[in-house]
Amino acid sequence: MGIKGLAKLLSDEAPDCIREVELKSLHGRKIAIDASMAIYQFLIAVRSGGPNQQATMLTNAEGETTSHIQGMFNRTIRYMTEGIRPVFVFDGKPPDVKSHELIKRREKREKAQAALAVASEEGNVEEQDKQSKRLVRAGTKENEDCRKLLTLMGVPVVTAPCEAEAQAAALCKAGLVYATGTEDMDALTFATPILVRKLTFANASKSMVQTMNYNKVIEGLAISHDQFVDLCIMLGCDYCDTIRGVGPKTALKLIREHGNIEKVIETIDRKKFVVPESWVPNEKKLDAQSDDDDEEGVESPSKEENNGIVDTEELIPAYVQARKLFNEHEVLNDIELKWKPCQAEDLQKFLVDDMGFNVDRVKNNIEKLQAAYKANSKPQTRMDSFFAVKANPNAAKSAAKRKADAAKAKAAVSKKKTKKH
DNA sequence: CTCGTCC
DNA sequence: TCGTCTGTCACAAGACGAG
DNA sequence: TGTGACCGACGAA
């Protein structure tokens with residue numbers, strides 16, 4: 001998931017869009033969070049068993065995994081006590097074009113499965129660990145568990161018709177939440193006004209989070225929204241391939257110079273930069289003639305399969321389809337988000353009876369949750385004015401760098417201005 | 001702060 | 001030569017609190 | 001899965 005190298009490119013080229021702020025500055029905010037991503041992280045990270053023995057998921061009496069419940073429960077309570085009101089957004093059906101990507105992932109899973117079997121045979125604990133983590137997936141069961149947990153906690157849950165990031169961005173655009181909380185830079189491509197990263201509690205004391213501002217992205221890169229989407233596609237997204245030989249620097253330069261992908265393809269030297277076939281479906285025969293290298297170590301018996309999948313949409317360039325997914329993604333519109341008091345009794349039953357949690361801990365945490373809910377539903381005094389916002393340390397770094405690169409920067413700036421005005 | 005525990 | 005891209009590798013992805 | 005560090009390849013200056 002995500003846009004390859006976008007975070008780095010932004011910190012280099014548009015540092016003003018990034019800010020490091022204290023967690024406290026989000027007090028009183030509503031934030032949309034990609035649930036599937038969080039669940040995945042919990043499944044991987046929340047394990048038991050010290051060094052020298054096989055790490056194992058937390059489980060209830062029936063042997064069902066409870067790691068995700070543990071993680072989700074703790075984190076949600078923490079959000080609430082920090083005065084943050086989370087809404088968790090679940091993935092719906094992945095778009096068709098993503099199937100290439102999904103097939104690749106399945107193949108990798110199967111490989112890991114085999115490797116795990118071998119490692120078990122050999123009793124290689126470390127290898128078992130590694131491979132079993134590769135097999136982790138947030139399945140239906142885990143999603144349902146978390147939906148139930150969150151509902152009992154009184155936290156709103158939204159199931160997206162398609163991609164969660166797109167839905168979260170839509171909530172943010174509609175003003176229903178302040179920001180999208182995710183590590184996935186896709187959210188920016190979906191034009192979420194604010195993106196919050198590192199919304200986690202690794203260092204409990206001085207927890208800083210990173211915010212990215214969509215308008216400042218556009219401003220800083222000095223390109224339009226449509227150009228930004230094209231840029232993201234060229235950097236590399238889940239929906240299609242990229243032009244070989246074009247990295248972040250070149251992609252930005254080309255988009256600034258030519259305005260869109262069509263013009264870029266027309267203009268660039270196609271021998272030097274290999275445009276994927278799927279981007280120019282009408283030119284297949286021409287491309288086949290080029291004596292370019294196709295033996296890149298990785299064999300691709302999947303080529304025929306890929307052709308079979310696209311079929312009816314074969315004549316639409318892949319980047320056009322990707323564009324459409326970013327700009328017209330299917331989302332739910334009339335949503336009401338309500339944070340309710342938790343259903344203490346049922347919640348305790350669920351956690352203790354079904355999931356095997358410790359009664360006292362659960363009671364304790366439910367009290368915390370209730371206290372936090374109470375505090376949150378009081379009239380809000382936003383803490384903005386009390387906590388100054390610190391500029392992104394990277395900004396200073398790249399500012400210094402820009403001084404050093406003054407000559408180069410000047411050229412870029414003058415280009416910006418001519419483009420913009 | 002590090003380390004062990006949560007289930 | 002310098003910048004840029006690509007491949008490869010290693011590594012880490014939670015939260016909490018007792019001591 | 002993805003991200004960063006490192007490195008060799010390659011084209012531009």
Side-chain angles (χ1 to χ4, degrees), chain A residues 1-9 11-12 36-53 55-79 81-82 101-102 104-109 111-112 126 129-138 145 182-186 197-207 234-238 242-254 268-269 271-274 293 296-298 350-362 364-365 368 405 408:
Chain A
M1 278 227 159
I3 309 297
K4 205 192 286 172
L6 180 57
K8 188 171 181 303
L9 183 136
S11 92
D12 290 344
S36 316
M37 186 129 304
I39 294 171
Y40 174 76
Q41 311 278 23
F42 291 136
L43 289 175
I44 287 177
V46 183
R47 285 164 180 241
S48 146
N52 253 356
Q53 59 176 350
T56 154
M57 308 262 209
L58 307 184
T59 58
N60 64 9
E62 282 82 46
E64 298 166 318
T65 300
T66 54
S67 294
H68 54 303
I69 306 285
Q70 179 78 224
M72 187 67 81
F73 187 53
N74 283 334
R75 186 180 283 185
T76 304
I77 287 174
R78 183 63 184 271
Y79 283 150
T81 52
E82 295 289 345
E101 193 63 28
L102 296 179
K104 270 190 211 160
R105 285 183 197 174
R106 192 176 313 157
E107 283 168 0
K108 281 186 183 170
R109 289 175 55 77
K111 251 184 216 169
E126 268 188 33
D129 233 43
K130 216 193 266 179
Q131 298 302 342
S132 70
K133 281 187 183 177
R134 285 191 188 158
L135 284 172
V136 165
R137 181 176 46 170
D145 289 345
T182 179
E183 301 308 305
D184 192 341
M185 298 295 288
D186 277 5
R197 298 176 88 199
K198 312 276 185 287
L199 194 45
T200 170
F201 307 98
N203 33 352
S205 55
K206 48 179 169 187
S207 45
M234 290 181 73
L235 289 174
C237 65
D238 278 358
T242 57
I243 303 175
R244 195 184 181 83
V246 175
K249 306 280 182 188
T250 317
L252 180 57
K253 193 174 134 237
L254 289 174
I268 59 171
D269 181 351
K271 277 176 192 154
K272 217 169 65 190
F273 301 112
V274 183
D293 48 53
E296 290 286 292
V298 182
F350 176 62
L351 289 173
V352 176
D353 299 347
D354 297 351
M355 297 297 158
F357 279 45
N358 175 288
V359 192
D360 294 328
R361 282 205 187 88
V362 167
N364 217 323
N365 279 321
K368 262 200 220 170
D405 296 348
K408 195 179 148 199

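Labels below follow one simple rule: chain letters A, B, ... track the order of the sequence lines, proteins then strands, and each chain is numbered from 1.
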Stepwise, does the side-chain contact (heavy atoms from CB on, under 4.5 Å) test hold for A:Asp186 with A:Ile3?
CA-CA 6 Å; A:Asp186 277 5; A:Ile3 309 297; 3.2 Å; yes
Self-check item: Span that lies between the C1' atom of B:dC7 and that of C:dG7, in whole angstrom
Solution: 41 Å
Residues passing the side chain to side chain donor-acceptor pair (under 3.5 Å) test with A:Gln41, sequence neighbours excluded, are none
Please write out each protein N/O paired with an N/O of nucleotides 10-13 of chain D under 3.5 Å, distance rounded to 0.1 Å.
unit_1 : atom_1 : unit_2   : atom_2 : d
D:dA12 : OP1    : A:Lys272 : NZ     : 3.0

OG1 of A:Thr250 to CD1 of A:Ile268, rounded to nearest 0.5 Å, is 10.0 Å
Could you pull out the protein-nucleic contacts involving nucleotides 11-14 of chain C (nitrogen or oxygen on both sides, under 3.5 Å)?
unit_1 : atom_1 : unit_2  : atom_2 : d
C:dG14 : O3'    : A:Arg75 : NH2    : 3.1
C:dG14 : N7     : A:Ala45 : O      : 3.3

Rounded to whole Å, the NZ-P distance (A:Lys4 to C:dT4) equals 17 Å
ask   = Within the pair A:Arg361 and C:dG17, is there a side-chain N or O less than 4.0 Å away from OP1 or OP2?
value = no
A:Asn364 atom CG is separated from C:dC16 atom P, nearest whole Å, by 13 Å
Nearest-Å distance once atom P is located in both C:dC16 and D:dT1: 28 Å
Open item on the list: Less than 4.5 Å apart, side chain to side chain, heavy atoms only: is that true for A:Asp12 and A:Lys249?
Closed with: yes
### Task
Decide yes or no for A:Met57 and A:Val136: does some side-chain heavy atom of the first lie under 4.5 Å from some side-chain heavy atom of the second?
yes
Between the side chain of A:Ser67 and the main-chain N/O of A:Arg47, is any donor-acceptor distance below 3.5 Å? no
Practice prompt. Starting from the C-alpha separation in whole Å, work towards a yes-or-no answer on side-chain contact (heavy atoms from CB on, under 4.5 Å) for A:Phe357 and A:Asn365.
Written response: CA-CA 11 Å; A:Phe357 279 45; A:Asn365 279 321; over 6 Å; no
A:Ile3 CD1 to D:dT1 P, in whole Å, measures 17 Å
Across all chains, not counting sequence neighbours, the side chain to side chain donor-acceptor pair (under 3.5 Å) partners of A:Asn74 are A:Gln70
Stems for DNA chain C (at least 3 consecutive Watson-Crick or G-U pairs, under 3.5 Å) come to B:1-6 with C:14-19, C:1-5 with D:8-12, C:7-12 with D:1-6
What is the nucleic acid contact for A:Thr250, judged by heavy atoms within less than 4.0 Å: base, sugar-phosphate only, or nothing?
sugar-phosphate
Residues at least two apart in sequence or cross-chain that pass side chain to side chain donor-acceptor pair (under 3.5 Å) with A:Arg197, listed by chain then number, are A:Gln210
A:Phe350 CZ to B:dC7 P, in whole Å, measures 14 Å
Atom CD1 of A:Ile243 and atom P of C:dT4 are separated, to the nearest Å, by 17 Å
Rounded to the nearest 0.5 angstrom, the NZ-OG1 distance for A:Lys198 and A:Thr182 is 10.5 Å
| Inter-nucleotide P distance (B:dT2, C:dA12), Å rounded | 14 Å
Separation of D:dT3 atom P from A:Arg197 atom CZ, nearest Å, is 7 Å
message = At 4.0 Å (heavy atoms only), tell me whether A:Thr59 reaches a base, stays on the sugar-phosphate, or touches nothing.
response = base
note: A:Leu9, atom CG; D:dT3, atom C1'; distance rounded to Å ~ 15 Å
Min side-chain heavy-atom separation A:Met234-A:Leu252 under 4.5 Å: no
Do any side-chain nitrogens or oxygens of A:Arg78 fall under 4.0 Å of OP1 or OP2 in C:dC16? yes
Between NZ of A:Lys8 and P of D:dC6 the distance, given in whole Å, is 13 Å
Taken to the nearest 0.5 Å, the spacing of A:Arg137 CZ from A:Ile44 CD1 works out to 12.5 Å
